[in-house]
Protein chains: 2
Amino acid sequence: MKGISGLSIPEPSLRRLPQYHHYLAELQSRGVSLVSCSTIGRDLKYIPVQVRKDLQFTGIIGKPKVGYSVAELVLAIEAFLGWNSVNEALLVGAGNLGTAMLGHERFSRFGLQVVAAFDVDPSKIGQYIYGKAVLPLDEMADLVQRMNIHLGIITTPAEVAQTVADEMVKAGIQAIWNFAPVKLNVPEYMIVHNEDLYSSLASLSCKLAKRFRAPLQENLRLN
Amino acid sequence: MKGISGLSIPEPSLRRLPQYHHYLAELQSRGVSLVSCSTIGRDLKYIPVQVRKDLQFTGIIGKPKVGYSVAELVLAIEAFLGWNSVNEALLVGAGNLGTAMLGHERFSRFGLQVVAAFDVDPSKIGQYIYGKAVLPLDEMADLVQRMNIHLGIITTPAEVAQTVADEMVKAGIQAIWNFAPVKLNVPEYMIVHNEDLYSSLASLSCKLAKRFRAPLQENLRLN
DNA sequence: ATTCAATAGGTAAGTAAGTATCGATACGGA
DNA sequence: TCCGTATCGATACTTACTTACCTATTGAAT
């Protein structure tokens, strides 16, 4: 099948959709009902063609000289990203980062509902963080099965991340959002997303190093 | 110039380097001194060719039938990423996420030294988080100039991120590591890295949605 | 000493993503 | 009503990244 809706979306486009969504929701709240690719592109710093291509994956068609319906786009993006149906998730590692994630109440508006946290630290177990109970790790499998949870979030130190992942796999979790800086070893069928800060830091410090070590080369390239 | 060292590294390769570094440092600590692309690839789930390509950017050459010197690679990657020289940074937004970042003592081993935090919340100002002072935001420019800081980390709510970014630009910051889910509007010369959780969440929930809504299609595609 | 297997390195081909261009369409103004 | 312009959608092109392939080198086994 060759239709645009049958074509799977490129990862980069997919990752831009939330930006569009955020921007469009903002427009909508200001009462704007129509928007063109040129406008979006100007505000979000993309060229209009790219915006148009990205938006085509939502299936929404625009009108020449007019643009797209903001409301239609917002709904279409939400539907596309699965933000209408709720994904219940659990989180392991109630440290600083885990706490930050639990406090991110905005996630629930985007289909992510963290139902409980797990940890091994006895001082944390039994407490409530932003209304979510912190439970002992060995009760995880039970919860997964009772509530039919598909998504696990790992915010533990790197050292224990693999062990936690193994537990998740055993419990029947299907997808892992991993904030620990390790490549998890899991079965093929698992969906894993690594949120590797060191990757970003690398890219960043490399660019910084370039700028402050070889400014001449940079300047030459600009001429 | 056409030598591999003159060629600028592709972003994806750059972002894989920290993974290699982590893996190689682990090997090194276990006393392993030589390693081949095949081995790395097996453990990190990349095909050997890609590993070889990535490692070529470090300038280290390996020996056929033997592999690379682990120690050489580790040093070369650190040098390449600028992890030898320290980048001093400041952080704005001492909430949960900011606290998590301040507590990440491991950053200092990778050339990132957060020297202070800033916030507007009077209850936080004057406190110390993991040994870093929390200062009032209007003292930021002063610190930037006194300590010649180049990097700013934004861990504020989305609503104020742009304002903070403007302040950073005015103060003379060159690069921003942005954890707020907004596209920052800054001058062309600025280096900006967005750590957009919603992007990742989008990608993740889209895949989850696909799996649990259209399992038949997925199965068909596999046949 | 010779042969075999593993591995690096370089080149080329293939795939995916981003960008430019062109014709079609719809609104606004002459 | 007609014309100009902004915009969309589709196609073609370019660039960037990945993967495959081929050759050379090295160490080990016979």
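All chains are named by letter (A, B, ...) in the order of the sequence lines, taking the proteins before the strands, and each is independently numbered beginning at 1.
As rounded to whole Å, 14 Å separates atom P of D/dA6 from atom CZ of A/R42. When the P atom of D/dC8 is taken as reference, atom CD1 of A/I60 falls 14 Å away, rounded to whole Å. Between the CD atom of A/E11 and the P atom of C/dA17 there is a distance of 8 Å, rounded to whole Å. To the nearest angstrom, P of D/dT18 lies 10 Å from CZ of B/F57. Note: CD1 (A/I9) to C1' (C/dG18) measures 14 Å, nearest angstrom. The nearest whole Å value for the distance from the CD1 atom in B/I61 to the C1' atom in C/dG10 is 14 Å.
Looking at every heavy atom in both residues, A/Y189 comes nearest to A/I173 through CE1-O, 4.5 Å.
Partners of B/F118 by ring pair (Phe, Tyr, Trp, His ring centres under 6.0 Å), not counting sequence neighbours: none found. Every residue two or more places apart in sequence or in another chain that forms a side chain to side chain contact (heavy atoms under 4.5 Å, CB included) with B/Q113 is listed here: B/V86, B/E88, B/S108, B/V115. With sequence neighbours left out, B/S203 forms a side chain to side chain contact (heavy atoms under 4.5 Å, CB included) with A/E11, A/L14, A/R15, A/H193, B/K207. Checked against ring pair (Phe, Tyr, Trp, His ring centres under 6.0 Å), A/F110 has the following partners two or more places apart in sequence or in another chain: A/H21, A/W83, B/Y198. B/R52 is linked by a side chain to side chain donor-acceptor pair (under 3.5 Å) to nothing, counting only residues two or more places apart in sequence or in another chain. Shown here are the side chain to side chain contact (heavy atoms under 4.5 Å, CB included) partners of B/N185, two or more places apart in sequence or in another chain: A/K45, B/Q162.
Counting heavy atoms from C-beta outward, A/D54 and A/Y46 have side chains that stay 4.5 Å or more apart. Counting heavy atoms from C-beta on, the side chains of A/H150 and B/R211 never come closer than 4.5 Å. At least one side-chain heavy atom of B/K170 sits under 4.5 Å from a side-chain heavy atom of B/E167. No side-chain heavy atom of A/S205 sits less than 4.5 Å from a side-chain heavy atom of B/L112. Using a 4.5 Å heavy-atom cutoff, the side chains of B/V186 and B/V192 are in contact.
Neither OP1 nor OP2 of D/dC17 sits under 4.0 Å from any side-chain N or O of B/Q50. Regarding contacts with the backbone of D/dC8, every side-chain N or O of A/Q56 stays at 4.0 angstrom or more from both OP1 and OP2.
Across residues 13-38 of chain A, A/S36, A/C37, A/S38 each have a non-hydrogen atom less than 4.0 Å from an atom of DNA chain D (numbered order). For the segment residues 67-79 of chain A, no residue has any heavy atom less than 4.0 angstrom from an atom of DNA chain C. Using a 4.0 Å cut-off on heavy atoms, none of the residues of residues 190-198 of chain A approach DNA chain D.
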Do any side-chain atoms of residues 89-100 of chain B form donor-acceptor pairs under 3.5 angstrom with protein atoms, and if so which ones, sequence neighbours left out?
{"from": "B/N96", "atom 1": "ND2", "to": "A/Y130", "atom 2": "OH", "distance (Å)": "2.5"}
{"from": "B/T99", "atom 1": "OG1", "to": "B/G95", "atom 2": "O", "distance (Å)": "2.6"}

Going 5' to 3' through nucleotides 20-30 of chain D, assign each nucleotide B (protein heavy atom under 4.0 Å from a base atom), S (under 4.0 Å only from sugar-phosphate atoms) or - (no protein heavy atom that close). B----BBB---
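The existence of a salt bridge linking B/E72 and B/K63 is excluded, since no basic side-chain nitrogen approaches an acidic carboxylate oxygen closer than 4.0 Å.
Inter-axis angle, ends of the helix from C/dA1-D/dT30 to C/dA30-D/dT1, five pairs per end, rounded to 10 degrees: 0°.
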Before you tell me yes or no, could you show the steps for B/Y20 and B/L73 under side-chain contact (heavy atoms from CB on, under 4.5 Å), namely the whole-Å CA-CA distance, both residues' side-chain angles and the distance that decides it to 0.1 Å? CA-CA 9 Å; B/Y20 297 130; B/L73 281 180; over 6 Å; no
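By the 6.0 Å contact criterion, CG on A/L34 is enclosed, its count of non-hydrogen atoms from other residues, nucleotides or ligands being greater than 12.
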